[in-house]
2 protein chains.
Amino acid sequence: MSENQAKVIAYIEENQAKLIAGLAEAVEIPSVSGDASFRAEVYKMGAWLKNRLSELGCEVSSHDLGMQELDDQEVQLPPVIVGSIGKDTSKKTVLVYGHYDVQPALKSDGWKTEPFELVHDKESDRLYGRGSTDDKGPILGWLNVLEAHQALGLELPVNLRFCLEGMEESGSVGLEDFVVQNKDKLFHDVDAVCISDNYWLGTNKPCVTHGLRGIAYFKLLISGPAHDLHSGVFGGVVHEPMTDLVRIMSSLVSPQGKILVPGIEEQVAPLSDDELKVYDAMEFSISDIDNSTGSKSTISDKKSDVLMARMRNPSLSLHGIEGAFGEPGSKTVIPHKVTGKFSIRLVPNMEPSKVVEAVQKHVESEFSKLNSKNTMKLIPDHPGKPWCTDPKHWNYEAAFAATEKIYGVRPDLTREGGSIPITLTFADALQKNVLLLPMGRSDDGAHSTNEKLDLSNYIKGTQLLGTYLYEVAAVSE
Amino acid sequence: MSENQAKVIAYIEENQAKLIAGLAEAVEIPSVSGDASFRAEVYKMGAWLKNRLSELGCEVSSHDLGMQELDDQEVQLPPVIVGSIGKDTSKKTVLVYGHYDVQPALKSDGWKTEPFELVHDKESDRLYGRGSTDDKGPILGWLNVLEAHQALGLELPVNLRFCLEGMEESGSVGLEDFVVQNKDKLFHDVDAVCISDNYWLGTNKPCVTHGLRGIAYFKLLISGPAHDLHSGVFGGVVHEPMTDLVRIMSSLVSPQGKILVPGIEEQVAPLSDDELKVYDAMEFSISDIDNSTGSKSTISDKKSDVLMARMRNPSLSLHGIEGAFGEPGSKTVIPHKVTGKFSIRLVPNMEPSKVVEAVQKHVESEFSKLNSKNTMKLIPDHPGKPWCTDPKHWNYEAAFAATEKIYGVRPDLTREGGSIPITLTFADALQKNVLLLPMGRSDDGAHSTNEKLDLSNYIKGTQLLGTYLYEVAAVSE
């Protein structure tokens, strides 16, 4: 370990109170992007970050992404905050992505503490608060690394670029275009990308992540009568759209999670014995899932099955029905127009266009079996491809080495079941290696009540990000 | 026709403008029972009726039914207005039921006119306005009959009792208990009941109605995880409640409307050749249904099939799912707890308790096939029995004779697909014959936008109600 690297680690260790205070400041700004009444707080959070990055020696710019409609209002999108520090062409340049917006949170949702107040529970040594782990903790981690270097009078081992958005929890509206437009401008000298916005697989062992599932989202519309009907008068008389819809929805996936649409599972990359061994070796148990779901609901009780279901197999989930009676109570309506919502998580080597085609063919075939006078229409959203990168790259080697130095273990190499579309945008637009290097644990409850970040994850995670930069500088391309 | 009878008919014919003005006054009071913010208007409507009945010579009392919770408020239930005129023991006593509350209506729902203003469209000769046909038109019909007698200085041919409620559109809360408690008090001398709160089968020919379907409403709850899950992380990993629920819902009814729960259709009264002839003879065509639904959605294109589906066969409708994603947009949630809502319309000789039992057995059997770790629970609402009375009764004879005198045709004898639970309450509590004698047509749009009552239905309907009273007096028991 280099002398500077050691000094940075020690600084972080010794200045924990100051680092917690910084995260507390960030959590206190309720930067909820999905609610128009909080939009001023999102701007405030962007301005706070711009100011901090500037104090820490970055050149910073704020980029307007235009307007959006939200809660029946036209509102300005939160800006992308771009920071830049270091222009030394002999050093590598790392682009860091993070997001400064958060999910909504109300004490009445079931929080034990005020959600927009960072509470350090001394007994568990956890930091509770909305955004603590998603994604203000990791962003502060990067700021802490800059602060350590500034305080110690040290130069950074690499050039850093920051791309921080305020719309991740609300679909990253406008970001993809922004990245593509700036690939040869703001991001022209980037050598690799690092994103800290996911979680360890369990609660004990760190991981680095090299894959994400994609997603194809579908709306299946069945319509018949011109308006809702009274089931007393018309029940048994007309073809009911709900009857048709649940038939088709029940033909998509088995209760054991098997996708029943022909031509989907056939596209999945075959499993080799070597790959299977990877899952067997991962630090993980079924109880990690049970703790997260608060139930015993896993389809399989075998560790490798569960891990493969999440990381390398597709899945099909039924989300709900729009236009039907969804409120409490006992309404006797025949809904005239209902839209089933479902999505398929995509993995290598599935082709989104082939998946959409297979679903179209299947629902047409199933609908024709019903002999219904209703009409059916499948409306696919624009699908997101799966992302999976080769971890035999210096960016990953640096992450492995840094993790071993901070945590004393070789991290698990994982893939995530979810989708972070911007990952693919960075990979495709910049044509550079992208690494996911998480700070928090699987039980942090990112979108849930009582979101937390363990203090040790915050401190060691900050050390990890700093150490990773030194390892990037040290590793040969 | 008696001299008095003829005078009353003539009075109604000659005073149309006055009768329309009376209905306009009633429609102008937006007595929406399902919205707490309109509750004062419901009271106002009750007071208006109490005052009118009193002016027309009735003894009137207003009966408090206690409190209810509505829109998160405790509000007073609208009172039952009870009127009484005539105590001549040599005359028959008829109990009239009606309701003075209405469905909600907003111009922005698609009304061509202000919903709470009675608009006489001269071209079509229709009276548009919320409540015009359901049920203020029929109530005004009865008041008009009283007014004609008062103006003409005539005695009524029968004793009349009125039971007018303000909660029919919101479940008639409290009314059943009220009727049962007062069967030997307010209603002790009632000989027969007449309800004008349904519609002609089509648009040309009047009918009298002697049957209603009952209803058994079910909530089917499937739950697994302790909270909603992210389909990226958990899709394919856990048993999803939605997958289980749509499987079971799709096992209940075929797209052709056949109930697939064993032991239900077996309970239906067999169809005789004579009964079939009744449907063949009714004035009705498939286009009446198509006009009502704004589509060509009938399961059968055969008139008798459609009529039997509505009047004498059970049906099963799927209303919706509570707890799933029902909003517009593309949310990728795995709902953790979903409740499917469905109901079965009951006909003779179905036993509600046997129906509930059969559904319970069926869903348990279907759920066990799924091999799911989720849990299932069936929650049946209190079922309402079907009602079907023998029309060979003087009450019906009077209605037939009156219809022939006013409309010049023998009315169709129909059964309705819907349920009016209070009908059964009157029949069971008072043990007297109940007659449904509609005023409006099938296309009046009772719960819809642009509700209307044809002027001819209002005027002839008023004459019909008056004439019915004379026929009741004349017919031998």
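Owing to the predicted nature of the structure, the values given are computational and were not obtained by experimental measurement. Chain naming here is simple, since letters A, B, ... match the order of the sequence lines and numbering starts at 1 in each.
Using a 4.5 Å cut-off between heavy atoms, A:His230 contacts chain B through its side chain alone, with no backbone atom that close. Using a 4.5 Å cut-off between heavy atoms, B:Glu327 contacts chain A through its backbone alone, with no side-chain atom that close. With a 4.5 angstrom heavy-atom cutoff, B:Leu316 touches chain A only via backbone atoms. Residue B:Pro328 touches chain A through both its backbone and its side chain, counting heavy-atom pairs closer than 4.5 Å. A:Lys258 does not touch chain B: none of its heavy atoms, backbone or side chain, sits under 4.5 Å away. Interface remark: B:Arg247 contributes backbone and side-chain atoms alike to the contact with chain A (heavy atom separation under 4.5 Å). For a residue to count as touching a neighbouring chain, one of its non-hydrogen atoms must lie under 4.5 Å from one of that chain's; by this rule B:Ile299 touches chain A with backbone and side chain alike.
Side-chain atoms of A:Leu212 and A:Arg415, non-hydrogen and from C-beta on, never get closer than 4.5 Å to each other. Looking only at side-chain heavy atoms (C-beta outward), A:Trp111 and A:Glu451 come within less than 4.5 Å of each other. Contact annotation: the side chain of B:Glu169 approaches that of B:Asp134 to within less than 4.5 Å [non-hydrogen atoms, C-beta and beyond]. Put simply, the side chain of A:Asn371 reaches to within 4.5 Å of the side chain of B:Gln256, judged on heavy atoms.
When the candidates A:Gly236, A:Gly340, A:Ser343, A:Ser297 are compared by the number of heavy-atom contacts under 4.5 Å with chain B, A:Ser297 comes out ahead. Each of B:Gly224, B:Gly294, B:Ser448, B:Ser231 has some count of heavy-atom pairs under 4.5 Å with chain A, and the biggest count is that of B:Ser231. Interface remark: of the candidates A:Pro255, A:Gly320, A:Gly417, A:Pro255 forms the most heavy-atom pairs closer than 4.5 Å to chain B. Heavy-atom pairs under 4.5 Å with chain A peak, among B:Asp228, B:Ile321, B:Thr332, at B:Thr332. The candidate with the highest count of non-hydrogen atom pairs below 4.5 Å against chain B, out of A:Thr298, A:Ile289, A:Leu229, is A:Thr298. With chain A as partner, the option from B:Pro225, B:Ala324, B:Pro314, B:Gly257 having the largest number of non-hydrogen pairs under 4.5 angstrom is B:Pro225. Between chain A and the residues B:Ser250, B:Gly171, B:Ser315, B:Ser442, the most heavy-atom pairs under 4.5 angstrom are made by B:Ser250. In terms of heavy-atom pairs under 4.5 Å with chain A, the best-connected choice from B:Ser300, B:Pro241, B:Ser292 is B:Ser292. Per-residue heavy-atom pair counts under 4.5 Å with chain A were compared for B:Leu245, B:Thr243, B:Val237, B:Val253, and the maximum is reached by B:Val237.
With no hydrogens or angles considered, a side-chain donor-acceptor pair links B:Ser372 and B:Asp244 at under 3.5 Å. At a cut-off of 3.5 Å, with distance as the only test, no side-chain donor of B:His239 or B:Asn374 sits close to an acceptor on the other residue. Side-chain contact check for B:Asp381 and A:Ser330: at least one donor-acceptor pair (N or O, by modelled atom type) lies under 3.5 Å. Side-chain atoms of B:Glu240 and A:Ser317 form a donor-acceptor pair, as typed in the model, at a separation below 3.5 Å.
Within 6.0 Å of the NZ atom in A:Lys385, the count of heavy atoms belonging to other residues, nucleotides or ligands does not exceed 12. Within a 6.0 Å sphere centred on NZ of B:Lys373, heavy atoms belonging to other residues, nucleotides or ligands number more than 12.
When each of B:Val261, B:Ile344, B:Leu260, B:Ile259 is paired with B:Leu252, the side chain to side chain contact (heavy atoms under 4.5 Å, CB included) condition holds for B:Val261 and for no other.
Within residues 302-312 of chain B, the residues approaching chain A closer than 4.5 Å by heavy atoms are, in numerical order, B:Val306, B:Ala309, B:Arg310.
Aromatic pair A:Tyr217/A:His319: centroids less than 6.0 angstrom apart.
For A:Ser419 against A:Arg345, the heavy-atom pair with the smallest separation is OG-NH1, 2.9 Å.
A:Lys341 contributes a side-chain N or O that, together with a main-chain N or O of B:Gly329, makes up a donor-acceptor pair within less than 3.5 Å.
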